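Okay, so here's the structure we're looking at.
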Amino acid sequence: MKAPAPLPRALDLIGNTPLVRLAGPSEAAGCNIYGKCEFANPGGSVKDRAALWIIRDAEARGELKPGGTIVEGTAGNTGIGIALVANALGYKTIIVMPDNQAREKMDTLRALGAQLVLVPPTKFANPGHFVHTSRRLAEETEGAIWANQFDNIANRRAHIDSTAPELWDQLEGRIDGFTCAAGTGGTIAGVGLGLKEKDENVRIALTDPHGAALYNYYANGELSSEGSSVAEGIGQGRITANLDGAPIDTQFRISDEEGLTWVARLLKEEGLCLGLSSGINVAGAVALGRQLVADGRTDARVATILCDSGFRYLSTIFNAQWLRDKGLPVFDWLRD
Ligand code: PMP
């Protein structure tokens with residue numbers, strides 16, 4: 001008798017996410033726009049992949065020992081991914097987070113058993129910044145490692161090894177463009193490098209929110225920013241180690257209003273409830289699709305990342321008062 005195939009373990013649920021064709025964005029772009037459903041990861045975001053790769057890399061290098069602690073500074077999603085992977089592998093988690101992030105993420109981290117340290121939001125140059133605070137805590141804690149997602153390239157390796165080949169297979173080796181926004185830059189750099197390995201003609205675009213410095217950097221070599229954004233998890237002011245050498249061919253800058261328009265349309269027209277970084281990514285994918293079509297690549301196939309679920313932002317972008325306080329438009333169906 002044939003032995004039954006072994007069932008996957010919980011950690012095997014990270015990655016291999018579905019890819020969906022997005023009807024409204026495809027129509028708007030005049031070609032095919034696809035979204036990689038990263039909200040389907042066990043921790044609910046694209047960052048589960050980075051968490052798993054960073055932890056496995058630290059184990060392989062002998063830095064992380066049994067029963068050790070992982071310390072990280074994060075806008076939330078990386079912390080959630082780390083906490084789950086750490087629980088599965090018998091490690092402890094300490095997460096440092098700016099105190100202006102969505103309440104849902106803080107509650108989730110506590111619920112998962114992570115020790116949560118909240119700090120006021122500050123500029124990167126300030127020693128109290130959540131990234132520097134997390135590094136110091138790691139240095140002071142016995143048996144701890146600092147995950148260092150911004151400058152630890154095991155982060156982008158996750159996307160070179162898993163996200164890019166998955167996209168390639170799901171689109172049967174025919175992909176014309178890829179775009180997403182950068183937080184650490186692990187996703188855009190890793191998927192970009194991984195896809196270029198397969199086909200150097202795939203056009204890689206950075207989609208930047210307002211208030212971030214990368215649009216200007218890729219457009220004219222200057223790290224400078226204009227405006228601001230309420231999007232969580234994206235918007236970078238420097239070239240992190242993960243971004244270093246990223247094969248960026250072109251760049252778009254997308255406003256929160258435009259991102260929110262896509263969040264609303266994807267929810268009402270396609271039944272996908274997503275966070276704002278996904279809306280900004282989809283707006284970027286539509287811009288990239290139009291550019292490819294204008295360059296004669298009709299019928300182009302463009303992929304982007306649906307980073308996390310809107311359920312993580314009920315108190316922010318799905319809250320009419322919060323939106324009004326930020327001067328942003330309120331979704332029609334939430335107006336009272
Ligand atoms: N969207 C959300 C909601 C995130 O939490 C993150 C992670 N910071 C990103 C996008 C960007 O991913 P990356 O860090 O790989 O650039």
Side-chain angles (χ1 to χ4, degrees), residues 15 17 35-41 43-54 72-83 95-98 100-102 104-106 108-109 130-131 134 147-164 178-194 204-209 212-214 229-244 246 248 254 256 259 262-263 273-285 304-313 316-317:
T17 54
K36 186 95 168 115
C37 297
E38 291 302 295
F39 55 83
N41 281 304
S45 90
V46 65
K47 300 303 303 208
D48 283 14
R49 296 181 194 257
L52 181 59
W53 257 251
I54 286 172
E72 184 57 324
T74 154
N77 280 332
T78 306
I80 292 169
I82 288 176
I95 298 299
V96 185
M97 187 172 167
N100 62 346
Q101 302 297 294
E104 287 84 339
K105 289 184 191 160
M106 301 177 190
T108 305
L109 281 163
F130 68 95
V131 171
S134 67
N148 187 18
Q149 58 167 332
F150 291 91
D151 296 307
N152 179 348
I153 58 168
N155 170 1
R156 80 180 185 192
R157 180 47 64 192
H159 300 285
I160 297 173
D161 293 348
S162 71
T163 322
F178 174 81
T179 188
C180 69
T184 63
T187 312
I188 183 71
V191 175
L193 288 165
I204 306 296
L206 183 276
T207 291
D208 223 20
L214 299 180
S229 169
V230 299
E232 294 184 24
I234 58 172
Q236 183 49 256
R238 67 185 178 95
I239 301 302
T240 61
N242 279 292
L243 278 168
D244 191 24
I248 308 296
I254 303 292
D256 284 355
W262 280 115
V263 170
C273 183
L274 301 166
L276 179 51
S277 71
S278 303
I280 288 175
N281 282 353
V282 169
T304 191
I305 302 287
L306 307 179
C307 315
D308 66 358
S309 162
F311 300 152
R312 204 150 266 181
Y313 305 97
T316 60
I317 63 168

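Order of listing sets the numbers, starting from 1, for every ligand and every atom in it. Computed from a predicted model, the values in this text were never measured in an experiment.
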Is a salt bridge present between Lys105 and Glu232, judged by a nitrogen-to-oxygen distance below 4.0 Å?
->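 Answer for the salt bridge query: yes.
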
Pair Arg238 + Asp151, salt bridge at N-O below 4.0 Å |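 Looking at Asp151 together with Arg238, the answer is yes, because their closest N to O distance falls below 4.0 Å.
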
Check each protein residue for a heavy atom under 4.0 Å from ligand 1 and list those that pass, ordered by chain and number.
->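 Residues within 4.0 Å of ligand 1: Lys47, Asn77, Ala182, Gly183, Thr184, Gly185, Gly186, Thr187, Glu232, Gly233, Ile234, Ser277, Cys307, Asp308, Tyr313.
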
Listed partners of Ala285 passing side-chain contact (heavy atoms from CB on, under 4.5 Å), at least two apart |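 Result, side-chain contact (heavy atoms from CB on, under 4.5 Å) vs Ala285: Ile33, Thr179, Val302, Thr304.
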
Consider only side-chain N and O atoms of Thr184 and Asn242, and report whether a donor and an acceptor are under 3.5 Å apart.
->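 No, no side-chain donor-acceptor pair sits under 3.5 Å.
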
Run the side-chain donor-acceptor check on residues 274-281: report pairs under 3.5 Å with partners two or more places apart or on a different chain.
from   : atom 1 : to     : atom 2 : distance (Å)
Ser278 : OG     : Cys307 : N      : 2.9
Asn281 : OD1    : Ala181 : N      : 2.8
Asn281 : ND2    : Ile305 : O      : 3.0

Salt bridge (charged side-chain N to carboxylate O under 4.0 Å, His left out) against Asp161, all qualifying residues, sequence neighbours excluded |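 Asp161: salt bridge (charged side-chain N to carboxylate O under 4.0 Å, His left out) contacts with Arg157.
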
